[in-house]
Each structure stands twice: as structure tokens, then as C-alpha cells.
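We count ligands from 1, going down the list as the structure has it; atoms in each ligand are counted the same way.
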Amino acid sequence: MLWNKVGIVAVALSVLLGCENQASENPMLEIHGRTMGTFYGVKVVGDFPGGQAALQSEVDALLKHYNDEISTYDPNSSLSKFNQSTSLKPFPVSQDMADIVISAVRTGERTHGVLDVTVGPLVNLWGFGPDKRPIKTPTDQQIAAARKRVGIDRLHVEVSADHATLRKDVPELYVDLSTVGEGFGADKVAEFLESKGVHNYLVEIAGASRSRGLNAKGDPWKLAIQKPTDEIEDVQAIVRPDGRAVSTSGSYRNYFKIDGKRYSHIIDPVTGKPITHDLVSATVIASTALEADGLDTALMVMGPEKALAFAQENNLAVYLVSKTDTGFKATYSDAFKPYLVKPSS
Ligand code: FAD
């Protein structure tokens with residue numbers, strides 16, 4: 001279990017903001033737990049059928065189900081079975097798995113290949129997957145060998161009325177859905193709450209969140225974008241998502257150092273290496289957390305200038321924080337402005 005993630009602090013900060021609610025009149029149920037190698041939190045304002053205990057056990061079971069489907073950390077998950085298979089024949093998967101892969105592939109195409117969920121062999125080679133951290137940085141030969149297994153165009157999803165399949169063009173293709181798993185999970189918990197008649201809620205899984213309606217105080221939900229440093233927990237900006245999903249990706253918590261140099265978990269599929277530019281955090285507001293969670297990683301690969309240009313061209317709500325010699329610099333797209341309550345601190 002990794003504890004040093006961007007989203008963990010994001011959960012803590014929104015809980016902090018939620019403290020405003022303590023003098024509230026409306027009852028609120030609140031649960032927390034662990035999933036996908038990180039933490040989740042759910043707040044429900046009003047009733048939930050069966051109360052707090054039912055909310056906890058049903059959300060835990062739901063998230064366990066999706067973890068069992070898409071985790072690359074569990075060798076027995078459905079995705080791991082696909083990764084272990086060297087067959088080039090269609091491999092039956094659930095509709096949910098097909099949906100998440102279709103979305104990730106679309107985001108990959110939309111971002112000209114910088115989001116690539118087949119980049120797993122490189123993620124693992126650099127020590128950011130289930131494999132151990134390297135003691136030395138990988139050699140060019142190791143990187144070239146891993147890159148032979150990578151390529152989003154080698155992964156195919158087929159969906160028909162009654163079944164869905166994944167298919168690979170090379171036997172060693174390996175799919176890593178870590179970049180979108182938390183967003184997908186947040187969407188699924190939100191759908192579950194809606195199906196139970198809950199319309200005032202906040203769901204957070206690490207840096208991915210979904211919210212709707214009002215908090216216990218009767219105000220719209222507000223979320224904190226964390227200041228991108230692993231030294232202090234502080235608020236960079238505050239947003240009011242108004243029912244939309246928010247997801248943040250950062251390079252400042254999940255990294256390792258060799259010989260004084262920092263290596264981030266965000267891999268540029270073109271170089272096969274961790275990113276080296278100054279963009280340290282990207283936040284996206286979109287209609288689903290699945291979409292936002294894929295886009296935030298893609299923007300992290302692009303770097304500050306390309307990411308902002310991409311956001312403006314595509315009318316995406318994006319907030320970027322770059323590291324400077326003296327601290328941090330925040331920029332955001334025009335589409336992000338309406339969501340900002342507190343631009344920066
Ligand atoms: P994000 O920015 O959302 O994603 C970055 C991650 O995406 C990288 O860590 C890498 O895996 C991948 N990536 C890097 N570059 C690219 C790229 N160019 N294109 C596409 N993908 C890229 N961690 C554990 O330590 N233990 C566990 O048991 C565990 N179980 C998990 C189960 C599930 C179902 C999932 C989805 C994840 C699990 N994780 C686990 C991983 C972990 O919790 C995070 O998902 C992961 O560290 C990245 O999340 P993030 O929000 O920090 O970064």
C-alpha cells in the first residue's frame with residue numbers, strides 16, 4: 001500500500017474543508033476505507049438505506065469488486081489474467097472492463113498518444129508498478145526492450161450485445177489501468193449512491209472525486225487542490241465543481257531519488273522515461289472522473305506549455321502548477337475559471 005500519493009492529501013484537505021459543516025443542521029454519514037492501494041472517503045448528506053454500516057459494507061464490496069477486476073497489483077485480477085495470457089485470440093472481459101479500456105484508449109487518441117495504458121512494462125521497469133524499485137536507473141537496452149511491448153494500437157476492445165473482449169497484437173502486451181482506476185471507481189460509487197436515491201454526496205478516491213448537490217451545511221461542495229509539495233500539506237486553490245468530477249495528477253509525491261535526481265511515476269511513452277519538465281500537478285474538471293483521471297495524467301506528460309495550449313484548444317477545465325526557482329506558478333484555462341473559488345494562496 002502506497003501512502004504518499006497526491007490524492008491522500010486531497011482527501012485530508014477536503015475533510016478539513018468539510019469541518020465547516022460541523023455546525024450543520026443536516027445529518028451526514030461519513031465513511032472511509034482503503035482501496036486500489038490508497039484511501040477513499042464518502043460523505044452522504046441525508047439518509048442511506050440501512051444507515052452508516054450498510055453504506056460502509058456496500059461501498060467496500062463495490063470497490064473490492066472493481067479492484068478484483070482491474071488491479072495489476074493482484075495477479076488473480078481479471079486484468080492480470082489478460083496480461084498473463086500470451087494468446088492473440090479475443091479474451092472475454094466484463095462490460096465494465098471494456099468501458100474503462102475504451103475510455104482510456106479514446107483519451108490516448110485525443111491526447112496524441114501521451115496517455116498510453118500499455119505503458120505498463122515501462123512503469124514497472126522504472127519501479128512504479130507492482131515490481132520492486134530499481135537500485136539503478138534502467139539502461140537504454142532495458143528501456144528499448146520494454147518499449148517493444150508497448151503500443152496502444154496493439155490493444156483492441158470489441159463489444160457486442162451480450163459480451164465484451166480484449167485482444168492483443170503482441171503476446172507480451174501488458175495493460176496498466178492505474179492511471180484511470182481511481183476515477184472509474186469514484187464514478188461507480190457515485191452511480192451506486194444515485195441508484196440508492198442519494199443526491200447529496202461527495203466521493204473521493206485519492207485524487208479523483210465526484211460530488212453532487214449540497215453539503216451538510218446546505219452549501220455547494222468545495223474541494224481543495226493541494227499545494228504540490230511533499231513537505232507540507234497546504235491548499236493551493238479551492239474549487240466548486242458544481243456536480244462535475246475533479247481529478248488531480250501530480251509528480252511530487254510518487255517518486256524516488258537515485259544519485260540525488262528525482263524520478264517521477266509519470267512516464268513519457270515517447271522517451272520511455274519519467275517526465276523531466278517543471279509541471280508538478282495537473283487538475284481537470286470533467287463530466288466523469290474516468291475522463292478527468294485520464295486527462296490529468298496526459299497533461300502531466302505534455303508539460304506546462306503544451307498542456308495549457310491543449311486545454312485551451314479543447315475547451316477543457318484545467319489547473320496546472322509548475323515548479324519555479326522560487327516556489328510554484330499556477331496557470332489555468334478559461335474553462336476552469338468558473339469553478340475557482342479561491343485562485344491561489
Ligand atoms: P495518476 O496520475 O492518476 O496515474 C499515474 C500512473 O499511471 C502511474 O503510476 C503509472 O502506473 C501510470 N502511468 C504513468 N505514465 C503513464 C502514461 N503516459 N500513460 C498511462 N499511464 C501512465 N498501488 C499499490 O501500491 N498497491 C496496490 O495494491 C495497488 N492496487 C491498485 C489497484 C487498482 C485497481 C489501481 C487502479 C491502482 C492500484 N495501485 C496500487 C496503484 C495506485 O494506488 C495508483 O493508482 C497509482 O499509484 C497512480 O495513481 P495516481 O493517482 O497517483 O496517479
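The residue from V119, I267, L63, L115 that puts a heavy atom closest to atom 15 (N) of ligand 1 is I267. Taking only non-hydrogen atoms, the option from D68, D116, I266, N67 nearest to atom 20 (C) of ligand 1 is D116. Closest heavy-atom approach to atom 49 (O) of ligand 1 among the candidates R34, M36, E182: E182.
Polar contact with ligand 1: absent for T248 (N/O pair, distance under 3.5 Å). Close N/O approach between Y66 and ligand 1 is not found [any backbone or side-chain N/O within under 3.5 Å].
Contact record, L88 with V170: CD2-C, 3.7 Å, taken as the closest heavy-atom pair.
I275 and V119 sit in two unconnected hydrophobic clusters of ILVMFWY residues. Membership requires side-chain heavy atoms under 4.5 Å apart, directly or through other members.
A perpendicular orientation is assigned to the rings of H112 and F310, their planes being inclined by more than 60° (bins at 30° and 60°). Between Y66 and F184, the ring-plane angle classifies as perpendicular under the 30° and 60° cut-offs.
Against a heavy-atom cut-off of under 4.0 Å, G181 is close to the following atoms of ligand 1: 36 (C). Near V301, with a cut-off below 4.0 Å to any heavy atom, the atoms of ligand 1 are 18 (N). The D293 neighbourhood of ligand 1 comprises atoms 3 (O), with distances under 4.0 Å to a heavy atom of that residue.
With a heavy-atom cut-off of 4.0 Å, V114 touches ligand 1 through its backbone alone. With a 4.0 Å heavy-atom cut-off, ligand 1 is reached by the backbone of S71 and by its side chain too. Proximity of T179 to ligand 1, defined as any heavy-atom pair under 4.0 Å, is shared by backbone and side chain alike.
Judged by the 6.0 Å and 45° rule, K168 forms a cation-pi pair with F82.
To the nearest 0.5 Å, atom CZ of residue R212 and atom CZ of residue R210 are 9.5 Å apart.
Within 6.0 Å of the CZ atom in R106, the count of heavy atoms belonging to other residues, nucleotides or ligands does not exceed 12.
At least one heavy atom of P269 sits under 4.0 Å from some atom of ligand 1.
No salt bridge links D325 with K323; every basic N to acidic carboxylate O contact stays at or beyond 4.0 Å.
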